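Please read the structure below before turning to the comments.
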Amino acid sequence: MNTRTRTAAALLLALVALTGCSTGATTRDTTLPARVAEAAAPASTKSAAAVAPLGRSLPVRVTLPSAGVDTGPILNLGLNADGTVEVPSVADAERIGWYDKGVTPGETGPAVLIGHFDTARGPAVLKNVSRVRVGDEITVTRADGTSAVFRVRELEQVDKDAFPTAKVYGDTTRPELRLVTCGGELVDGHRPDNIIVYADLVAARAA
């Protein structure tokens with residue numbers, strides 16, 4: 001299956017990227033500064049410098065220093081029976097998963113990573129997502145030994161019922177990354193929003 005076909009399949013089948021965030025152990029609010037304020041890079045800095053796309057190679061580790069994230073190995077996430085994207089299990093709350101119906105990080109297209117903010121057991125891998133800012137770097141180490149370095153371009157907080165499927169999973173002309181988690185104040189034990197971090201490939205490092 002080529003890159004475009006994988007991405008198209010993701011767009012058609014992924015109804016909601018993350019529905020599994022719930023908790024009975026914490027009441028921390030994940031609202032980002034000014035409710036994200038649809039935070040995005042200024043127009044003059046939105047376009048990342050051109051970086052040649054990488055070949056396909058599975059992600060094995062993710063680091064996001066501003067949020068204190070350094071985790072691996074990466075989980076492979078597929079689709080549930082109802083067409084929604086799988087999320088990491090509660091037992092894997094400290095790990096990040098990669099949506100394996102899409103491209104790998106560094107290929108042309110939107111690679112999607114998913115992690116919990118918290119679960120019924122307490123804070124999880126993306127508990128400090130509110131510290132992420134435009135311009136921060138996310139590094140994905142790949143199975144071939146290369147590292148794909150992405151720079152955050154935009155942060156968005158949306159109601160799960162209004163999840164921007166096309167924006168997250170739709171085809172792109174360059175390598176991009178999405179990091180998705182839950183957000184918002186608890187409502188009946190669940191967080192009603194998704195927080196989405198959008199990032200562009202800015203460097204590729206050899207092993």
Side-chain angles (χ1 to χ4, degrees), residues 2-4 6-8 10-11 14 17-18 32-33 36-72 74 77 85 96-115 125-126 128-158 163-181 183 194-207:
N2 62 33
T3 296
R4 182 166 295 274
R6 289 196 302 271
T7 306
L11 178 58
L18 196 76
L32 299 181
V36 179
E38 305 310 322
S44 61
T45 62
K46 279 188 178 180
S47 296
V51 177
L54 300 174
R56 187 171 179 83
S57 182
L58 300 183
V60 296
R61 193 163 200 86
V62 174
T63 59
L64 174 53
S66 60
V69 174
D70 184 354
T71 185
I74 302 304
L77 303 175
V85 177
I96 284 176
W98 162 66
Y99 177 56
D100 65 10
K101 306 301 180 185
V103 301
T104 61
E107 288 187 282
T108 297
V112 180
L113 302 178
I114 298 168
V125 64
L126 290 173
N128 292 319
V129 67
S130 62
R131 299 178 183 174
V132 179
R133 300 289 185 270
V134 169
D136 289 349
E137 289 190 349
I138 304 170
T139 300
V140 182
T141 305
R142 302 166 9 120
D144 63 2
T146 60
S147 294
V149 182
F150 297 85
R151 182 171 297 135
V152 175
R153 166 173 45 88
E154 179 183 357
L155 298 103
E156 182 177 30
Q157 185 165 341
V158 297
F163 187 84
T165 301
K167 183 177 179 181
V168 172
Y169 291 97
D171 283 338
T172 65
T173 59
R174 61 186 179 182
E176 299 185 16
L177 187 74
R178 283 74 165 106
L179 179 61
V180 186
T181 191
N194 281 132
I195 293 171
I196 308 163
V197 179
Y198 300 85
D200 303 315
L201 184 70
V202 294
R205 298 171 182 158

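Note that the numbering runs from 1 along the sequence shown for the chain. Computed from a prediction, not measured in an experiment: that's the story for all the values here.
Expressed to the nearest 0.5 Å, how far CG of D100 lies from CG of L77 amounts to 7.0 Å. Note that CG of D171 is 10.5 Å distant from CD of E176, once rounded to the nearest 0.5 Å. Once rounded to the nearest 0.5 Å, the distance linking CZ of F150 with CG of L201 reads 5.0 Å. The line from CD of Q157 to CD1 of I195 is 4.5 Å long, rounded to the nearest 0.5 Å. Between the CZ atom in R56 and the CG atom in D144 there is a gap of 12.0 Å [rounded to 0.5 Å]. Rounded to the nearest 0.5 angstrom, T141 OG1 and D70 CG are separated by 8.5 Å.
Of the possible polar contacts, none joining the T139 side chain to the T63 backbone as a donor-acceptor pair under 3.5 Å is found. Checked by atom type and distance alone, the side chain of T181 pairs as donor or acceptor with a backbone atom of G115 at under 3.5 Å. Side chain of R178 to main chain of K167: a donor-acceptor pair is present (N/O by atom type, distance under 3.5 Å, no hydrogens or angles). No donor-acceptor distance shorter than 3.5 angstrom exists from the side chain of R133 to the backbone of S66, with no hydrogens or angles considered.
Between Y169 and F163, the ring planes are tilted. Angles from 30° to 60° get that label.
Of all non-hydrogen atoms in A148 and L54, the two that sit nearest each other are CB-CD1, 4.1 Å. Of all heavy-atom pairs spanning R153 and V134, the tightest one is O-CG2, 3.8 Å.
In this structure, L126 and L179 have side chains that are in contact, with non-hydrogen atoms separated by less than 4.5 Å.
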